Each structure stands twice: as C-alpha cells, then as structure tokens.
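The structure appears below as structure tokens.
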Amino acid sequence: MTPPIAADYTAQAVSTDTIGYLHSTESGAGVDGPGMRFVFFVSGCQFRCLYCHNPDTWKLHNGRQVSVEQALSEVAPYARFLKFAGGVTISGGEPLMQHEFVGELFHEIKQRFGLHTALDTQGFLHERVSDAWFDDVDLVMLDIKHSDPEKYQALTGQPLQPTLDFALRLKRLRKKMWIRYVLVPGLTDGDADIEKLADFAASLGDVVERVEVLPFHQLGKDKWAQLGMEYQLNDTPIPTAEQAAHARALFASRGLKVT
C-alpha cells in the first residue's frame, strides 16, 4: 500500500514568513527547465508516489532552515551567467507547501537578478495562492502522474482533480507550461491512459510548450531502504527506448511538442 501521510506534514506546510526549508541545491542543472538552471529543492511533500526517488524530501523539517536572503546569497554568484544561460527553478519536494517562502524568493530573484524562473510542481495545493503569486513565475513544469483518477490515487496517495484544475487555471492565466509524465512500465504506460492525458494536454492550447516523457529509473530505491520504508517497485523494469518512443508518439499524435 502507499505509505501513509502523517497528519503533521500538512500542518507544517503553513509558512513562517520568509523562512523556508531547503533539501538541497544544484548549480548546473540541465534538465529542470530551459538552459542551465540553478535549482532549489525545497523540503516537504504531501504526495507518496510509489516511484519517488527523493523520499527524503517528504518531511518539511528534514531540510535546512534558511531565510529568503540566505537563499538569494546562494544563487547570487551565478546570476550573471544564468541571465543568458538559463535561470532559476524551484522544485522539491513540493514548492507549494512553502508557498510564502517560495513566492517571496521568486519575487526577489526577479527584482534583483531579472532571471527566468520556473516552478516544478504537481499543483495539488494551488488554491492556497492567488493569481498574482504567479506573476514572478515564467514557466510552470507541471507533473501530471496519471490520467485515470483511481490509478492516480493508488500511485500518489492523493486525488487527481486538483492537479487538472490547476492546469486549467494556468490556461486561464496564459502561463506557459511544460507537462511532465513519468513512464513506468505496468503503471503509467497504458496506451488509453496516455492518450487520455494527451487529449487533455492538447485541450490546454498553446500555453503547453512541450510534454516531457521521463523514463522511470531505479536510482532512488536505496533511499527507501535507508528510511526503513518498503519500496514496491524493486522488480519494475526501466522502460525500453522503444517503449519511451511509443509513449512520445502518442503525445505527438495530438499535435504536442514532445521530448
């Protein structure tokens, strides 16, 4: 079964002014948005995805506590390079669990450095922020983990509809999106499920700049063991190149740009 969500995890999501919790950072990421990115990986996530490769990010207070000013000081040395090479992405964990800290951090990155900003999220908590919160976000990388509500719930421990509602909200706001889809053999590789998601993505129009099909991997399974948790996908194979190409072709058949 999906690991349970402790009640205090969601309670801890309430922001404490400009203080946040960072799991880690990466200064030369090439897969977290356009160009080269400085990435803040924040702590805290209310999802319990069976294929999660960073279960150590689930608890909010597992991260190091920083102020917005301290976080800005970490990106500042790279700002001149990032201005023409890429930008800053805030990922997780789930950034919207720390929406006040993340929102202020995005705002200051825009005001001080003028950098391209990207938010990597599953969008479940989008209702806790206003439309104006997204003014400092140039791109949303929206992780939609399945198109079938029951399978989504079994895979993540949470309902699908809030994520779909968030995508429709981004369409209304004319906010650029990359939709991300993890291809897991036996879980997310069904043609009908992929086609259903492809139809939904196509219905969002030109705000969807691309769909990223991300092949499942086993790089995080040791973390589950270290945390004393059962990892249910030990025997799940990684997708073949042919399987990944087939999934991409299904998305592309709806007129979507796919990588």
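All of these numbers come straight from a predicted model, not from anything done at the bench.
If you take OG1 on T117 and NZ on K110, they are separated by 4.5 Å, rounding to the nearest 0.5 Å. Annotation: the span from T188 atom OG1 to I144 atom CD1 amounts to 13.0 Å, rounded to 0.5 Å. In this structure, CG on D191 lies 5.0 Å from CG on L250, to the nearest 0.5 angstrom.
Under the 4.0 Å criterion applied to side-chain N and carboxylate O atoms, R128 and E94 are not assigned as salt-bridge partners.
Under the 4.5 Å side-chain heavy-atom criterion for Ile, Leu, Val, Met, Phe, Trp and Tyr, L119 and L139 are members of distinct hydrophobic clusters. Note on L125 and V137: same hydrophobic cluster, where clusters join Ile, Leu, Val, Met, Phe, Trp and Tyr whose side-chain heavy atoms are under 4.5 Å apart, directly or indirectly. A single hydrophobic cluster is not seen to contain both V66 and F41; linkage of ILVMFWY side chains at heavy-atom distances under 4.5 Å, directly or through other members, places them apart.
Among residues two or more places apart in sequence or in another chain, the ring pair (Phe, Tyr, Trp, His ring centres under 6.0 Å) test is passed with F200 by none.
The backbone N or O of D193 lies less than 3.5 Å from a partner atom in the side chain of S147, making a donor-acceptor pair. In this structure a side-chain-to-backbone donor-acceptor pair under 3.5 Å is missing from R180 to D120.
The side-chain contact (heavy atoms from CB on, under 4.5 Å) test with L173 is passed by exactly one of V140, L168, D131: D131. The side-chain contact (heavy atoms from CB on, under 4.5 Å) test with I179 is passed by exactly one of L204, V258, V213, L256: L204.
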* Go through the steps to decide whether F134 and F166 satisfy the test ring-ring contact (aromatic ring centres under 6.0 Å, His included), and finish with yes or no. => CA-CA 12 Å; F134 295 97; F166 180 50; 5.7 Å; yes

* side chain to side chain contact (heavy atoms under 4.5 Å, CB included) assessment of E212 paired with M141 -> CA-CA 9 Å; E212 293 185 309; M141 303 170 71; 4.1 Å; yes

* To do: Apply side chain to side chain contact (heavy atoms under 4.5 Å, CB included) to the pair Y78 and V88, showing each step before the final yes or no.
  => CA-CA 10 Å; Y78 307 96; V88 175; over 6 Å; no

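Using a 4.5 Å heavy-atom threshold, the side chains of Q122 and Q46 count as touching. No side-chain heavy atom of P55 sits under 4.5 Å from any side-chain heavy atom of Y231. Considering only heavy atoms from C-beta on, H146 stays 4.5 Å or farther from L160 through its side chain.
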